[in-house]
Amino acid sequence: MLNYELEFSASKELITPCETATMIGFGTMFGVPFQDIHDDLYVRTLLLKDKDGEVVLMLAMDLLFHDDSLPNALREYVNEKYGVDKNNLHISYTHTHFGPAVKGYDFNWYTESYEKFIFDRACKSIDKAFLTIKKGRMKYSYVTGEWNISRRLLVNGVAEFRPSPDGEVDKNLYLLKLEDETGKMRALVLNFGCHPSNLRSYSVLSSEYPGRLCQRIESEFYGCTALFFQGFGADSKLKIGMKSSGFTGISYEDCDEVALSMTERIKKKMLENSWKELPIDLGSRVFKLDLPLEINEKEYYQEVSAAHAAKPGEHFVKVPGSVDTTSRNSNNLFWACADYVIDNYDNLPESIDLNCGVIRINPNFYIFSMGGEPGCNIGTILRQNMPDIDIVCFGYNDAIAYIPSDKMIAEGGYEAGDRVNRSIPEYRLKGSVKPGVDKIYCEGFKKAISEIK
């Protein structure tokens, strides 16, 4: 018999930098401090507790992403202070490209002071959540809209970085509604797979469409905390920025238009009786999957370094960027990454240690979490192989790489790590992901489900 009793809370804390910080989202801004703040960045926490006292924490942060050091430190914190099992804290990054440099993707410009700041703020958000636990229930639904589009256009069987109207993309915006005992909505989880890399103001801090959507939801539903968890959207962008030959930067007004459209669809959904109430029987697990790599020879990285170096044969030296030297900034990023691989080539791993997680809401409903930048097709594969359960997919729980499916690897392209687009040096990897990963994903998540007590 499933337990229907749920206790929950939601909270948020500001993580907008209070000091000079370098941007992280684009090579053109490599080494460039932010010039302005358009809207604030937040860490948001959802706490779930079932009748048996099992507590699961889900954190969403308005950052590009981060390496393992932050979630591991937070797991230590909740374990020591609240006795929460380390398997029961999950973190995901909204993947805004308009945030400050942090550990992981950018290994040159992050600061220890900001690292301490975001850890402290995340702890405060967690503490606040433990102070405001209330009884209630959870309901599930989704809305569908024409907000995103695939950026993998097949040309002669090979994926190019261009709008693909017929390309695979998940158009569903998944919703988890948390109501208190009076029936009032106090938290709303939003899950959508689409790159927040669309604005044209590259040097200005912003939470992009995920943050604006949360703002609008909280404005419409007084007393509700909105939490956005980025989905498996590595290969999609906002449709509003689509041009025939590619994508262009959008305005803040365009971004707001997308968030408004999503909000209006959600408001309509609130009036419908199509919500599925979820019985609560919590379980949780974090685990790693080993993805073997097709190893590139060291000469490949030497060629990349030579193509981007300031002078032939010169080793990368950390030099601040400028908003007036965007081309040089991009070259510096690839130069730095290629030299890192060259310097550490013999000691680099020959596989990706991919962070993953499973949250059981009940035996028929799960949240799957995956690190890096997972492609949309991975969600499709997982759902096809586990048709008897409902699955919601959270991506971006670390800063390891683009994560492709076998279909994406066969098609090539930027997200699959082809040598032309150079997404492999960008992540300082020794090679691209080998075929055969679909089986690894499916077996790994099935095993994790079976291991939840």
* **Evaluation steps, salt bridge (charged side-chain N to carboxylate O under 4.0 Å, His left out), between Glu415 and Arg152** => CA-CA 9 Å; Glu415 298 86 2; Arg152 291 174 58 82; 2.9 Å; yes
* Taking it one step at a time, do Phe98 and Phe26 satisfy ring pair (Phe, Tyr, Trp, His ring centres under 6.0 Å)? -> CA-CA 8 Å; Phe98 308 94; Phe26 299 91; 5.5 Å; yes
* To do: Please lay out, stage by stage, how Thr111 and Glu19 fare under the test side chain to side chain donor-acceptor pair (under 3.5 Å).
  => CA-CA 10 Å; Thr111 64; Glu19 59 186 40; 3.3 Å; yes
* Evaluate side chain to side chain donor-acceptor pair (under 3.5 Å) for Asn72 paired with Ser69, printing each intermediate quantity in order. => CA-CA 5 Å; Asn72 287 344; Ser69 61; over 6 Å; no
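Rounded to the nearest 0.5 Å, atoms NZ (Lys318) and CH2 (Trp109) are 5.0 Å apart. Interatomic distance, Ser236 OG to Asp170 CG, rounded to the nearest 0.5 Å: 8.5 Å. In this structure, Ile295 CD1 and Lys430 NZ are separated by 5.5 Å, a value rounded to the nearest 0.5 Å. With rounding to the nearest 0.5 Å, the separation of NE2 in His195 from OG1 in Thr96 is 10.5 Å. How far CZ of Arg285 is from CD1 of Ile452: 8.5 Å, rounded to the nearest 0.5 Å. Rounded to the nearest 0.5 Å, atoms OH (Tyr366) and CG (Leu382) are 13.5 Å apart.
In plain terms, the two heavy atoms of Pro425 and Val304 that are nearest each other are CG-CG2, 4.2 Å. Pairing each heavy atom of Trp147 with each of Leu173, the nearest pair is CZ3-CB, 4.1 Å. Of all non-hydrogen atoms in Thr16 and Phe117, the two that sit nearest each other are O-CE2, 3.6 Å. Scanning all heavy atoms of the two residues, the minimum distance from Ser423 to Gly417 falls at OG-CA, 3.3 Å. In terms of heavy atoms, Asp339 sits closest to Ser305 at OD1-OG, 2.6 Å. Residues His90 and Gly357 share a closest heavy-atom pair of CE1-CA, 4.0 Å.
Between Glu373 and Arg151, no side-chain nitrogen of the basic residue sits less than 4.0 Å from a carboxylate oxygen of the acidic one, so the salt-bridge criterion is not met. Ionic pairing of Lys447 and Glu443 is not present here: no N-O contact between side-chain nitrogen and carboxylate oxygen is shorter than 4.0 angstrom. Residues Lys288 and Asp68 are paired through a salt bridge, judged by an N-O separation under 4.0 Å between the basic side chain and the carboxylate.
Side-chain atoms of Ile266 and Leu190, non-hydrogen and from C-beta on, do get closer than 4.5 Å to each other. Residues Thr45 and Leu57 form a side-chain contact, since some pair of their non-hydrogen atoms from C-beta on lies under 4.5 Å apart. Between Tyr252 and Ser206, the closest side-chain pair of non-hydrogen atoms falls below 4.5 Å. Between Tyr77 and Leu89 the shortest side-chain heavy-atom distance does not fall below 4.5 Å. Residues Leu293 and Ile424 have side chains not in contact (no heavy-atom distance under 4.5 Å, counting atoms from C-beta outward). In this structure, the side chains of Pro100 and Leu41 come closer than 4.5 Å at one or more pairs of heavy atoms. The shortest distance between side-chain heavy atoms of Asp39 and Arg212 does not fall below 4.5 Å. Between Ser369 and Ile359 the shortest side-chain heavy-atom distance does not fall below 4.5 Å.
Although no hydrogens or angles enter the test, the distance criterion places no donor-acceptor pair under 3.5 Å between the side chain of Asn79 and the main chain of Arg75. Judged by distance alone, the side chain of Asp406 and the main-chain N or O of Pro435 form no donor-acceptor pair under 3.5 Å. At least one donor-acceptor pair under 3.5 Å links the side chain of Glu115 to the backbone N or O of Lys103. One N or O on the side chain of Lys237 and one on the backbone of Ser197 form a donor-acceptor pair closer than 3.5 Å. Distance alone, capped at 3.5 Å, is enough to place a donor-acceptor pair between the Asp62 side chain and the Tyr42 backbone. Counting only distance, with no hydrogens or angles, the side chain of Asp254 and the backbone of Ser251 share a donor-acceptor pair below 3.5 Å. Proximity of a side-chain donor or acceptor of Asn329 to a complementary backbone N or O of Gly27 within less than 3.5 Å is not detected.
With no hydrogens or angles considered, no side-chain donor-acceptor pair links Ser92 and Asn397 at under 3.5 Å. Side-chain contact check for Lys239 and Asn148: no donor-acceptor pair (N or O, by modelled atom type) lies under 3.5 Å. A donor atom on one side chain and an acceptor atom on the other are not found under 3.5 Å apart for Gln302 and Tyr345. If you check the side chains of Ser11 and Ser125, you find a donor sitting under 3.5 Å from an acceptor. Side-chain contact, Ser351 with Asp290: a donor N or O sits under 3.5 Å from an acceptor N or O. Of the N and O atoms on the side chains of Gln215 and Ser207, not one donor lies less than 3.5 Å from an acceptor on the other residue. A donor-acceptor pair shorter than 3.5 Å cannot be found between the side chains of Asn87 and Ser284. There is no side-chain donor-acceptor pair under 3.5 Å between Thr380 and Asn377. Ser405 and Asp438 are not linked by any side-chain donor-acceptor pair at a separation below 3.5 angstrom, with hydrogens and angles left out of the test.
Taking the six-membered ring for Trp and the full ring otherwise, the centers of Tyr174 and Phe192 sit at least 6.0 Å from each other. In summary, the aromatic rings of Tyr340 and Phe316 are positioned with their centroids too far apart to meet the 6.0 Å limit.
Considering Phe228, Tyr93, Phe229, Phe368 as possible partners of Phe394, the one that fulfils the ring-ring contact (aromatic ring centres under 6.0 Å, His included) test is Phe229. With His308 as the partner, the ring-ring contact (aromatic ring centres under 6.0 Å, His included) test is satisfied by one option alone out of Tyr301, Phe334, Trp335: Phe334.
For Glu218, the CD atom sits in a packed shell: over 12 heavy atoms of surrounding residues, nucleotides or ligands are nearer than 6.0 Å. Within 6.0 Å of OH on Tyr142 lie no more than 12 heavy atoms contributed by other residues, nucleotides or ligands.
Ring orientation note: the planes of His97 and His95 are nearly perpendicular, at an angle over 60° on the 30°/60° scale.
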